[in-house]
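Notes follow once the structure below has been shown.
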There are 2 protein chains.
Amino acid sequence: MAVSERISAPRRRGVTAMDVATAAGVSQSAVSRSFTPGASVAPVTRARVLEVAQELGYRPNLIARSLITRRSGMIGVAIGNLRNQIYPVMLEKLAEGLSAQGYRILLFTAPLDGDADPELAQIMRYQPDAVVLAATSMSSALALECRAASVPVVLFNRMARGAAGSEISSVTGANHDGGRAIGRLIGAAGHQRPAFIAGHALASTSIDREAGYRAGLQEAGLPPPLVTHGNFHERDTREAAAALLQRQDQPDAVFAASDQMAIVAMDVARHRFGLRVPEDVSIIGFDDAPAASWPSYDLTSYAQPAAAMVAATIELLLERIGEPHVAPRQIVVPGRLVLRGSARLPPGIVRDADNQ
Amino acid sequence: MAVSERISAPRRRGVTAMDVATAAGVSQSAVSRSFTPGASVAPVTRARVLEVAQELGYRPNLIARSLITRRSGMIGVAIGNLRNQIYPVMLEKLAEGLSAQGYRILLFTAPLDGDADPELAQIMRYQPDAVVLAATSMSSALALECRAASVPVVLFNRMARGAAGSEISSVTGANHDGGRAIGRLIGAAGHQRPAFIAGHALASTSIDREAGYRAGLQEAGLPPPLVTHGNFHERDTREAAAALLQRQDQPDAVFAASDQMAIVAMDVARHRFGLRVPEDVSIIGFDDAPAASWPSYDLTSYAQPAAAMVAATIELLLERIGEPHVAPRQIVVPGRLVLRGSARLPPGIVRDADNQ
DNA sequence: CTGAAAGCGCTTACAG
DNA sequence: CTGAAAGCGCTTACAG
């Protein structure tokens, strides 16, 4: 049901520029100019207008303004899976950063399944100045849809694959490097039977982390990992972890493609299989989500630096809003391995300290 | 810096109703009507218009529409402390529920300190149809500001205190009842030295939970709790928990005003003081946040039912958008105590099963 | 059922 | 520096 279909009490009229103009004895244009930085108004006029506006409680209607400026000041942000702790953190930082630049977030949550097409279409009708797609499970089709409408789009924490790969801007953590560092860590610590809990089959984050992991394991002279699929989903991850741990040749090191999944795996290992972490099995995640540093998990993880990723996103956004036809850029933000207590350490290496 | 201050490449013009009208050989009004459910258009005309619109990729500009309908279809949502896991969950549900009603969320994150006034003022300029304030630390001044501008406002997970109390609509969990149930549980399980870790001093959630808790303890014949202040903040909570646990007369039951704080307290108890939970100390939270059911915490908590709270919020919102002058309502959504493993149980009572 | 016209609240050339 | 006017993309009485 669209908003317009509902019956409504007549909406009150707010105070408009015209009201202020009348009260201040100037034209409506003068009022508008008084609120436009850099516009040509006599300081004394502006002062009077602002004073009257203050009295009347006038604030320019940004909806009306955007109609003529063709800038809505809104950034559409699609976010799925807010349960992965990194997204709330990112969203908060993104909101703050965009706010500092004078933009607001028009939020839409992508349904976890299938396309968010109808949602996106709806958002587009609000004329966002740009769109950020931050749901790992989302198809590239959405990004291409934005492109088709000439609305700048930036993928966050995922990359477009295949043909669209180089046409769409994106910001990701160092997924391949991180996976590789984890593979090498596992090798250096003397593990023999690596495993991997993958996210969504199509998520670039999971795919890239796995590829890096395989490379790192190989460099360390280890076999390829056993792989099960947690799909970034709690129940699936419990099953994926159990499937690994109940094997005859139980893995001695499990890398999960996200901290969210690593935590589930750790709980399964400890509470369902009675295993000690890391003595019986090392568990490693990716993201360095807030819960990774909670002492009960104390999770070794590859950090995706939220602040830097958000800053890169805002940079891409502003660049494209200013100049829509600038070439797409894929930014990979470097991270670092955070060594805590959930994975055995190589000889001579010490864990990182959380300064708490 | 406002958006309008920035230099911009000329924005492309999208396809407008006029373009469709020309292509379809009808008037612009006919195009508008074709997109307005219930409007008076010949079916054949509408069909042709929609077909041409489809071809041209036309979608009505909601910004323009809202100027005349005085309905933006946007709900301003203020959210602070997204790190408390219940807020992402609520936000997701709120977004879904509002989306189903044809509304979008215009997000603003309230700075954790002080007033969010400038942010709110900015949001108001986008003419939201209503505003939801979901940051516990926010002052009632914001709500009154919305009221002054005749924009319906609903407080989420907090109530206005004092004079504003009955003038502002709100949705909360059963804070007093929940606190009381926890006090009685602690008594029934045979604890002797109760403690409380409070949230922000001014947060109605914390105040009401504490009052209920005191009542419940008293009913059980226990003394009032020792109180320290975690302020819904991680570091403060670590200190608050430590201050309690290092006492000579160490509490044997700690109720924290949120699961977020309870989890921190549990980690302090276990990892810093080497205590067993619940053998040495029972720990109880409030919210039933996702992490409460994670096996490593297995936290006894009073559940705030997210779905019901969001549904109540949406109900209040729609009611007020339809009829701005309807009387304020304070809805208290009943919850229930979820008994897990972090608190000793009274004789004969069994824990709840998480069906995982 | 349809079109021409007015108007939502602004910004911005254009003259003066 | 200022005001009158046009116009952003729509909706909605008003006639016909």
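In the text below, chain A, chain B and the rest are named by the order of the sequence lines, each starting its count at 1. None of these values were measured; they are calculated from a predicted model.
For Val26(A), counting side-chain heavy atoms from C-beta on, the closest listed nucleotide (dG3(D), dT11(C), dC1(C)) is dG3(D). Each of dC8(D), dG3(D), dC1(D) was ranked by its minimum atom distance to the side chain of Ala42(A); first place goes to dC1(D). Among dT12(D), dG9(D), dT11(C), the nucleotide with an atom closest to any side-chain atom of Gln28(A) is dT11(C). Taking only side-chain atoms of Ser32(B), from C-beta outward, the nucleotide of dT12(D), dG9(D), dG3(D) with the closest atom is dT12(D). Listed candidates were dT11(C), dC8(C), dT11(D). Nearest to the side chain of Arg70(B) is dC8(C). You'll find that the side chain of Thr69(B) is closest to dT11(D), out of dT11(C), dG3(D), dT11(D). Taking every side-chain heavy atom of Ser29(A) into account, dA5(D) is the closest of dA5(D), dA4(C), dC10(D).
For the pairing with Ser34(B), the side chain to side chain contact (heavy atoms under 4.5 Å, CB included) check across Val52(B), Val41(B), Val20(B) returns one residue only, Val41(B). Just one of Val171(B), Val132(B), Val153(B) meets the side chain to side chain contact (heavy atoms under 4.5 Å, CB included) condition when paired with Leu317(B); it is Val132(B).
Contact annotation for Thr45(A): backbone-only contact, meaning every heavy-atom pair under 4.0 Å involves sugar-phosphate atoms and none involves a base. Residue-level contact check: Thr16(A) touches the backbone only, with heavy atoms under 4.0 Å from sugar-phosphate atoms and none from bases.
Under a 3.5 Å cut-off, the side chain of Arg125(A) and the backbone N or O of Pro60(B) do form a donor-acceptor pair. A donor-acceptor pair under 3.5 Å links the side-chain atoms of Ser169(A) to the main chain of Arg329(A), judged by distance alone. Within the 3.5 Å criterion, the main-chain N or O of Thr172(B) finds no donor-acceptor partner in the side chain of Asn157(B).
With respect to the salt-bridge test (charged N to carboxylate O, under 4.0 angstrom), the residues Glu119(A) and Arg104(B) qualify. Looking at Glu315(A) and Arg320(A), no side-chain N of the basic residue comes within less than 4.0 Å of a carboxylate O on the acidic one, giving no salt bridge.
Straight-line distance from the CD atom of Gln127(A) to the P atom of dC8(D): 14 Å, rounded to whole Å. We find that CG of Asn61(A) is positioned 7 Å from C1' of dC10(C), with the value rounded to whole Å. In this structure, Ile63(A) atom CD1 and dG9(C) atom P are separated by 12 Å, rounded to whole Å. Regarding Leu67(B), its CG atom lies at a distance of 9 Å from the P atom of dC8(C), rounded to whole Å. In this structure, CZ of Arg125(B) is placed 9 Å from P of dC10(C), rounded to the nearest angstrom. With rounding to whole Å, Met18(A) atom CE is found 11 Å from dG3(D) atom C1'. Atom pair Arg65(A):CZ and dG9(D):P shows a separation of 18 Å (rounding to whole Å applied). dT11(C) atom C1' lies 5 Å from atom CD1 of Ile68(A), rounded to whole Å.
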Using Watson-Crick or G-U wobble pairs with both distances under 3.5 Å, give me DNA chain D in dot-bracket, 5' to 3', with [ ] for crossers and | for pairs to another strand.
|||.||||||||.|||

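An OP1 or OP2 oxygen of dT2(C) is reached within less than 4.0 angstrom by no side-chain nitrogen or oxygen of Ser27(B). Applying the 4.0 Å criterion to OP1 and OP2 of dC10(C), one finds that Tyr58(A) has a side-chain N or O inside that range.
At a cut-off of 3.5 angstrom, the base of dG3(D) holds at least one donor-acceptor pair with the side chain of Arg33(A).
Where Ala64(B) and Ser40(B) meet DNA chain C, the nucleotide closest to each residue was compared, and Ser40(B) sits on the side nearer the 5' end.
How far CG of Asn61(A) is from OH of Tyr126(B): 10.5 Å, rounded to the nearest 0.5 Å.
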